[in-house]
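So that the names make sense, note that chain A is the first sequence line, chain B the second, and so on, each numbered from 1.
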Amino acid sequence: MSSTLKAVRGTRDLLPPETALWDRVEATARSVFARYGFGEIRTPILESTELFARGVGEETDIVSKEMYTWEDRARAASEKAQSLTLRPENTAGVVRAYIEHKLGDTGHLQKLYYIGPQFRRERPQKGRYRQFFQIGAEVIGPVTSGSESPLRDAEVLEMLATLLDELGIERASESNGYKGWKLTLNSVGSATDRPRYVAALREALAPIKHLMCEDNQRRAETNPLRVLDSKDEADQELIDRLPKIADYLDDDSKNHFAQVLAALDACGVPYTVNPRLVRGLDYYTRTTFEFTVETGLGTQNALLGGGRYDGLSEMIGGPKAPGIGFAIGEDRLILTLQAQATEAAEKKLDAYIAPMGVEQNAAALALARDLRREGLSIEVGDGSFRLKKSFEVADRVARSIVILGENEVASGEITVKNFATGEQKKIARKELAEILQ
RNA sequence: GCGGCUAUAGUUCAGGGGUUAGAACGCGGGUCUGUGGUUCCCGAUGUCGAGGGUUCAAAUCCCUCUAGCCGCCCCA
């Protein structure tokens, strides 16, 4: 017995009417990004494995255990098999394209956004899929283009606040029980601060880690920064006494962070500084941030995350090109909007054309064609339907019904009925479009 | 990757070894061969997730698998 074929684990089909919400989210994002001077970039979903190993970091969970990676087949003896990977995130790909196309040589600041699928092989859950969608943006360029400016950090954060506002996601406040979006940020220091701090952390952890939970003992070895955002109650006191990142920031980094916060204040973007906020990707430097929401996502409450990556370009063999970016979990954004249950009125078509008898089918389709070209949304029934059925279907999908029968053809007039008012009248063809508006 | 819960009609769910598996919504039809949205009357919903086992008998009990969900890990 053959089992039926299904979408593979962790992937899913998106169907109407839900896709209308995806459209709205993407259209809103494009509109906001355009106003901030961003242009769209589309990079391949397939990249050389090495890009992620070097960019995202060999030791990160993403690279070490979550990537879809395989050896591409060598087609000729002279060709070498190459290790390929379905992109688990998009920043590395964008920076690779920036380097490959020598965008830095333009001397201009690059503002790029993308919308597309990403792939990570994790255990699926609500808000966490193996193929998931990210909407992201990157600001990157040579230092002389101003790419290192704290103004860029603040601009990106303010843009995100605007986007969430325009999408209708509430800000966390007392009145909504802090269920709206919340921005948390931190500075993890420059490319030299960060290793210094990690070394200090390792040193501090060495004598006390055996007192901690199993997870934290492992983290102390593999990724000491992660110990900081451990949720283990018993370990909190020990964690509080660990060195603070703020004490390892050089003056430039401190100054940079202070300017970001000042600009956020000036723009009225609410935030919380969390000195323990660390992000899982190796490339982050200085400003890191995440937006969380409490609605609809369970424990997957990180709606988007991002940060500065001043050294990423060099890590993958490019010129110095500081940058800052973010990735929004589009799936999570959709879930949040659905949970907010601002049930938008169901969109109905302008009219439904009901041909009376199959001999009217051709005329009905021609009429539909004309009305559609006039900008109306139209559905056409079938002449074999009884009129009662036509009315039922029409009432479900459209605001008005247009009846096309022998009487109408004979008289040259068309019968139109509006479902909301119940008003029915016979009108001339040329008045039709206006009546249906 | 680890631990737990779940899988029955298009949808949301009830049923818990014994003939033919139920409700609501939705769907089809009728009262009405040119009139919907509210009524009224009929009807069909289905390999009970897949495979195997126990039993005279399995949707029901057991095992395996698959998928979803919850928590962890981690992240968007």
Side-chain angles (χ1 to χ4, degrees), chain A residues 1-12 15 56 59-66 87-91 115-136 213-216 218-219 222-223 225-226 229-232 278-281 284 289-293 297-306 325-336 348 352 354-357 360 381 383-408 415-424 426:
Chain A
M1 174 128 10
S2 67
S3 50
T4 47
L5 289 167
K6 298 190 294 188
V8 309
R9 185 158 153 92
T11 72
R12 60 210 179 117
L15 308 170
V56 177
E59 300 306 316
T60 61
D61 279 26
I62 292 176
V63 173
S64 64
K65 58 186 201 199
E66 295 173 4
R87 63 185 186 197
E89 59 95 57
N90 218 328
T91 299
I115 298 175
Q118 318 292 336
F119 304 84
R120 291 182 201 171
R121 200 181 185 291
E122 294 180 275
R123 182 112 160 207
Q125 227 172 290
K126 189 181 201 175
R128 191 173 69 188
Y129 307 99
R130 289 181 171 185
Q131 174 178 307
F132 60 105
F133 292 81
Q134 287 189 331
I135 299 175
C213 70
E214 220 171 284
D215 278 334
N216 279 332
R218 178 178 48 77
R219 290 170 175 144
T222 58
N223 197 345
L225 287 173
R226 292 240 70 91
D229 62 358
S230 161
K231 289 168 205 145
D232 191 287
V278 291
R279 315 238 80 239
L281 283 53
Y284 284 122
F289 57 86
E290 66 183 22
F291 284 65
T292 54
V293 288
L297 295 178
T299 50
Q300 312 297 322
N301 70 344
L303 188 60
L304 69 94
F326 62 83
I328 304 169
E330 190 175 3
D331 309 76
R332 293 180 182 183
L333 193 55
I334 298 283
L335 286 168
T336 304
K348 290 202 168 186
Y352 180 95
M356 301 292 301
Q360 310 302 338
S384 65
F385 292 173
R386 289 169 308 105
L387 190 61
K388 177 184 162 71
K389 172 165 173 155
S390 291
F391 264 81
E392 285 168 357
V393 176
D395 190 33
R396 192 170 66 240
V397 304
R399 291 166 29 229
S400 296
I401 184 168
V402 173
I403 298 164
L404 210 58
E406 281 176 44
N407 301 348
E408 284 74 12
T415 302
V416 185
K417 182 165 186 174
N418 180 292
F419 288 119
T421 64
E423 189 186 6
Q424 177 168 331
K426 288 197 163 193

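Taking only distance into account, the side chain of A:Arg120 meets the base of B:A76 through a donor-acceptor pair shorter than 3.5 Å. Scanning atom types as modelled, one donor and one acceptor separated by under 3.5 angstrom connect the side chain of A:Arg332 and the base of B:C75. For A:Glu408 and B:G34, a side-chain-to-base donor-acceptor distance below 3.5 Å is present, hydrogens and geometry of angles not being considered.
A:Arg12 comes within 4.0 angstrom of nothing in the nucleic acid, heavy atoms only. Base contact: A:Glu122 has a heavy atom under 4.0 Å from a base atom. At the heavy-atom level, A:Gly136 lies nowhere under 4.0 Å from the strands shown. Using a 4.0 Å heavy-atom cutoff across all strands shown, A:Lys417 reaches at least one base atom of the nucleic acid. Note on A:Asp331: nothing from the nucleic acid sits closer than 4.0 angstrom, heavy atoms only. Heavy atoms of A:Leu304 sit under 4.0 angstrom from primed sugar atoms or phosphate atoms, though from no base atom. As judged by a 4.0 angstrom heavy-atom cut-off over every strand, A:Gln125 is placed among the base-contacting residues. Across all strands, A:Arg386 comes closer than 4.0 Å only to sugar-phosphate atoms, never to a base (heavy-atom distances). The residue A:Leu333 sits apart from the nucleic acid: no heavy atom pair falls under 4.0 Å. Heavy atoms of A:Tyr129 sit under 4.0 angstrom from at least one base atom. In this structure, A:Gln424 reaches the bases: a heavy-atom distance under 4.0 Å links it to at least one base atom across the strands shown. Nucleic acid contact class of A:Arg226 (heavy atoms, under 4.0 Å, all strands): sugar-phosphate only. A:Ala394 comes within contact range of no nucleotide atom at all, as no heavy-atom separation falls under 4.0 Å. The residue A:Gly10 sits close only to the backbone: its heavy atoms come under 4.0 Å of sugar-phosphate atoms, none of a base.
Checked against B:C69, B:G34, B:C74, the side chain of A:Lys126 finds its nearest nucleotide in B:C69. The nucleotide whose nearest atom lies closest to any side-chain atom of A:Lys6 is, among B:U66, B:G34, B:C72, B:U66. In the set B:G29, B:G1, B:A67, the nucleotide with an atom closest to the side chain of A:Arg121 is B:G1. Nearest to the side-chain atoms of A:Met356 among the listed nucleotides B:G29, B:C74, B:G34 stands B:G34. For A:Phe419, the side-chain atoms get nearest to B:G36 when compared with the rest of B:G36, B:A76, B:A67. Closest to the A:Leu387 side chain, of the nucleotides B:C75, B:G3, B:U35, is B:U35. Ranking B:C72, B:U35, B:C75 by closeness to the A:Thr415 side chain, first place goes to B:U35. Taking only side-chain atoms of A:Ile403, from C-beta outward, the nucleotide of B:C27, B:A76, B:G34 with the closest atom is B:G34. When distances are taken from the side chain of A:Lys65 to each of B:G4, B:G29, B:C73, the shortest belongs to B:C73. Considering only the side chain of A:Ala302, B:C75 comes nearest among B:G3, B:C73, B:C75.
Ring-base stacking between A:Phe132 and B:A76 is satisfied, the centre separation being under 5.5 Å and the plane angle under 30°.
One interatomic measurement links the two molecules: CD1 of A:Ile328 to P of B:A76, which rounds to 12 Å at whole-angstrom precision. Rounded to a whole Å, the CZ atom of A:Arg123 is 7 Å from the P atom of B:C2. As rounded to whole Å, 12 Å separates atom P of B:G37 from atom NZ of A:Lys348. The separation between A:Asp395 atom CG and B:C27 atom P is 11 Å, rounded to whole Å. Protein atom CZ of A:Arg396 is 16 Å distant from nucleotide atom P of B:C25, rounded to whole Å.
Between the C1' atoms of B:G4 and B:A14, the separation comes to 24 Å (whole Å). Taking atom P in both B:C5 and B:C62, the straight-line distance is 12 Å, to the nearest Å. Going from the P atom of B:G15 to that of B:U6 covers 13 Å, rounded to whole Å. The C1' atoms of B:C13 and B:C75 are separated by 34 Å, rounded to the nearest whole Å. For the P atom pair drawn from B:A59 and B:G17, the interatomic distance equals 13 Å after rounding to whole Å. Taking the P atoms as reference points, B:G46 lies 13 Å from B:G22, given to the whole Å. Using P as the reference atom, B:C27 and B:U19 are 33 Å apart when rounded to the nearest Å. Taking atom C1' in both B:C48 and B:G71, the straight-line distance is 29 Å, to the nearest Å.
Base-pair partner of B:A14: not found among the strands shown (Watson-Crick or G-U wobble, both distances under 3.5 Å).
Smallest separation of non-hydrogen atoms from A:Asn418 and A:Ala420: OD1-N, 2.8 Å.
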